[in-house]
Amino acid sequence: MTKYPELTERFLKYVKVDTQSDENSETVPSSPKEVAFLADLAEELKAIGLENVRTMKDGYVFAELSSNIDDSAVPTIGFIAHVDTADFNGANINPQIIENYDGQSSIKLGNSGYELTTNEFPSLKKYARHTLITTDGTTLLGADDKAGDAEIITAAQYLIAHPEIKHGDLRFAFGPDEEIGIGADHFDVETFGADFAYTMDGGPLGELEWETFNAASAVITIQGRNVHPGTAKDTMVNAIQLAFDFHEQLPVHDRPENTEGTEGFWHLLAVDGNPEEATLRYIVRDHDRNIFEERKQRLLDIADAFNQKLGEKRIKVVLKDQYYNMGEILKDDMRSVNLAEKAMNNLEIKPIIEPVRGGTDGSKITFLGLPTPNIFAGGENMHGRFEYVSTTVMEQATDVILEIVKLAQEK
Ligand SMILES: [Zn+2]
């Protein structure tokens, strides 16, 4: 009945393997669990008939499918997904399958006491008559991004089984450590050899993302002068107080909890300190590159103003850029975005094109030279126990991959 009988089976097989990445690791990939999973995946890619399957030194598994047409003008297209899961229990995932969901009932997540309700998660109402896959309440599901992995591999398998579908050269990549923000740092764009690519790593049906935040981290260290509080007058410099005063200088509005759309922010992540020494950790985010630069400069200016007033350099700011808005590059080469939009329209899927309030592996890969917007993989409520996915939406994501491939070789 379904067009892709292996898709759900493949997805269920993948999510049962724990592939959580490890932020505190020094190795690449960050966890041996990812390495083992990627090795199995490489074997599977060979078994379904993909060519030139190899593991790159940063952990990515690359694979290829050669063109079956004689037209060198057809672009080489890549599809990319990550295999790691987010910072939430990813061991012993025991997915539940809810067939023919009615679009209104609560779904009990195993015996955990947690449930999915339409009150808390109105998105459930979209899924009447769908088959949903949920967690048992003790883990995340890992549809982010095992759904993307399963969709890409199923699409590749479908093309191999249906040589009557004409396509150009195709490239596939599966990688580690997206969730800890470093997986794509060394993506080998040249070896990958695509003209443009897509990450299959978005959420609900129709998502097509080609604008992301610009992102930086900021660490503010504050040196105090601690003396006995009884004799502190005109002598003590309390580093914690300075930290509070510093934070007060930032506009209250520009915080994550007060912003939406294309509004950027400074997000205070951590405060640590005593009268002698204090540290503030921020992340800085903005879609607009100029405003992003101004936000970073603002932190430096605040520190300067305090240092001048204190007559001593007590506040130090260390900024580190993390990734940039891929829209800056993609706006000059919209082939990939236009093709995906057309593919969705052909399939009667309404494209949802909105700037992402975050980043994607594609943000980094795009700046490494390969335009890479992001397409929905289907997951809802990612990164926690309430994560779920519809098998129908996974099929539609697979359809989008195949439609892109077909459209790209049409004149
Ligand atoms: Zn993801």
Side-chain angles (χ1 to χ4, degrees), residues 178-182 184-185 199 201-203 207-222 242-271 279-309 313 315-334 336-338 341 351-375 382-383:
E178 190 271 351
E179 299 292 358
I180 57 173
I182 57 169
D185 281 354
T199 48
D201 190 20
E207 271 188 12
L208 171 55
E209 301 168 327
W210 64 278
E211 288 189 89
T212 57
F213 272 146
N214 296 288
S217 64
V219 179
I220 322 291
T221 45
I222 300 167
L242 266 181
F244 290 159
D245 296 346
F246 185 100
H247 186 62
E248 287 269 288
Q249 297 296 308
L250 293 170
V252 171
H253 177 268
D254 292 24
R255 295 176 184 168
E257 63 270 37
N258 298 335
T259 50
E260 61 184 350
T262 54
E263 297 171 316
F265 55 73
W266 293 270
H267 175 36
L268 179 57
L269 275 186
V271 185
T279 310
L280 298 169
R281 286 174 205 279
Y282 290 90
I283 55 171
V284 184
R285 299 289 188 263
D286 210 289
H287 289 101
D288 183 289
R289 183 65 175 263
N290 291 326
I291 302 176
F292 170 67
E293 297 299 333
E294 284 168 22
R295 286 187 189 281
K296 291 191 293 176
Q297 186 60 44
R298 181 79 164 264
L299 296 173
L300 298 169
D301 291 346
I302 294 171
D304 276 351
F306 273 106
N307 287 335
Q308 275 195 12
K309 209 168 85 190
K313 201 164 182 260
I315 304 187
K316 212 175 76 190
V317 178
V318 177
L319 292 162
K320 193 169 161 238
D321 285 2
Q322 295 168 310
Y323 58 83
Y324 303 107
N325 182 352
M326 60 171 147
E328 210 176 295
I329 310 254
L330 283 168
K331 69 177 176 6
D332 298 324
D333 179 2
M334 289 290 277
S336 55
V337 178
N338 294 338
E341 197 177 352
I352 303 168
I353 304 175
E354 276 167 16
V356 200
R357 292 180 63 75
T360 70
D361 268 349
S363 327
K364 285 188 173 167
I365 295 169
T366 300
F367 275 87
L368 290 169
L370 177 64
T372 305
N374 187 36
I375 291 177
M382 272 142 17
H383 296 189

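Computed from a predicted structure; not experimentally measured. We use all heavy atoms of the structure for the numbers below, so side chains are in, but hydrogens, waters and symmetry mates are not.
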- Message: Once rounded to the nearest 0.5 Å, what's the spacing between atom CZ of R281 and atom CG of L269?
- Response: 9.0 Å

- About how many Å separate NE2 of H287 and CZ of R357, when rounded to the nearest 0.5 Å? 6.5 Å

- Task: Please report the C-alpha distance between D321 and K296 in whole Å, then the side-chain angles of each, then the deciding distance to 0.1 Å, and finally whether the side chain to side chain contact (heavy atoms under 4.5 Å, CB included) criterion is met.
- Result: CA-CA 10 Å; D321 285 2; K296 291 191 293 176; 2.8 Å; yes

- Item | Interatomic distance, T199 atom OG1 to I375 atom CD1 [nearest 0.5 angstrom] | 8.0 Å

- Item | Smallest separation among heavy atoms of M326 and E209, with atom names | CE-O, 3.7 Å

- Would L299 and V284 satisfy side chain to side chain contact (heavy atoms under 4.5 Å, CB included), going step by step from the backbone distance to the final call? CA-CA 10 Å; L299 296 173; V284 184; 4.0 Å; yes

- Between Y323 and G359, which heavy-atom pair has the shortest distance, and what is it? OH-N, 3.0 Å

- Sub-3.5 Å donor-acceptor pair from the side chain of R285 to the main-chain atoms of A216, do we have one? yes

- Hey, are E293 and R289 close enough for a salt bridge, meaning a charged N less than 4.0 Å from a carboxylate O? yes

- Mind checking whether Y324 and F292 have parallel, tilted or perpendicular rings, split at 30° and 60°? perpendicular

- Item | N/O donor-acceptor pair under 3.5 Å between T360 side chain and G362 backbone | yes

- Message: Can you tell me how the ring of F306 sits relative to the ring of F246, calling it parallel under 30°, perpendicular over 60° and tilted otherwise?
- Response: parallel

- Kindly give the heavy-atom pair with the smallest separation between A184 and D361, and that separation in Å. CB-OD1, 3.6 Å

- Message: Restricting to side chain to side chain contact (heavy atoms under 4.5 Å, CB included), what partner residues turn up for K331, sequence neighbours left out?
- Response: W210

- Item | Minimum heavy-atom distance E328-F367, with the two atoms named | CB-CZ, 4.2 Å

- Query: Under a 4.5 Å cut-off applied to non-hydrogen side-chain atoms, are H253 and T259 in contact?
  - Reply: yes

- Of all heavy-atom pairs linking P371 and D333, the shortest is CG-OD2, 3.8 Å

- Message: Looking at V219, is its backbone amide N or carbonyl O close enough to the side chain of K320 to form a donor-acceptor pair, meaning the two atoms are under 3.5 Å apart?
- Response: no

- Can you measure from OG1 (T212) to CG (L330) and round to the nearest 0.5 angstrom? 9.0 Å

- Has E260 got more than 12 heavy atoms of other residues, nucleotides or ligands less than 6.0 Å from its CD? no

- Could you tell me whether the side chain of W266 and the main chain of R295 form a donor-acceptor pair under 3.5 Å? yes

- Just by distance, do the side chain of N258 and the backbone of V252 share a donor-acceptor pair under 3.5 Å? yes

- Item | T372 backbone acceptor or donor facing T366 side chain under 3.5 Å | yes

- Heavy-atom closest pair, residues I315 and A303: CG2-CB, 3.7 Å

- Take I302 and L250 through the side chain to side chain contact (heavy atoms under 4.5 Å, CB included) test and state the conclusion after the steps. CA-CA 9 Å; I302 294 171; L250 293 170; 3.7 Å; yes

- Task: Using the side chain to side chain contact (heavy atoms under 4.5 Å, CB included) rule, take L300 and L319 through it: C-alpha gap first, then chi angles, then the decisive distance, then the call.
- Result: CA-CA 9 Å; L300 298 169; L319 292 162; 4.0 Å; yes

- Task: Please round to the nearest 0.5 Å and tell me the distance separating atom NE2 of H247 and atom CZ of R255.
- Result: 4.5 Å

- Student check: side-chain heavy atoms of Q249 and R298 closer than 4.5 Å: no

- Would you give the length of the straight line joining atom CG of L268 to atom CG of L280, rounded to the nearest 0.5 angstrom? 6.0 Å

- Item | Side-chain donor or acceptor of N214 paired with backbone N/O of N325 under 3.5 Å | yes

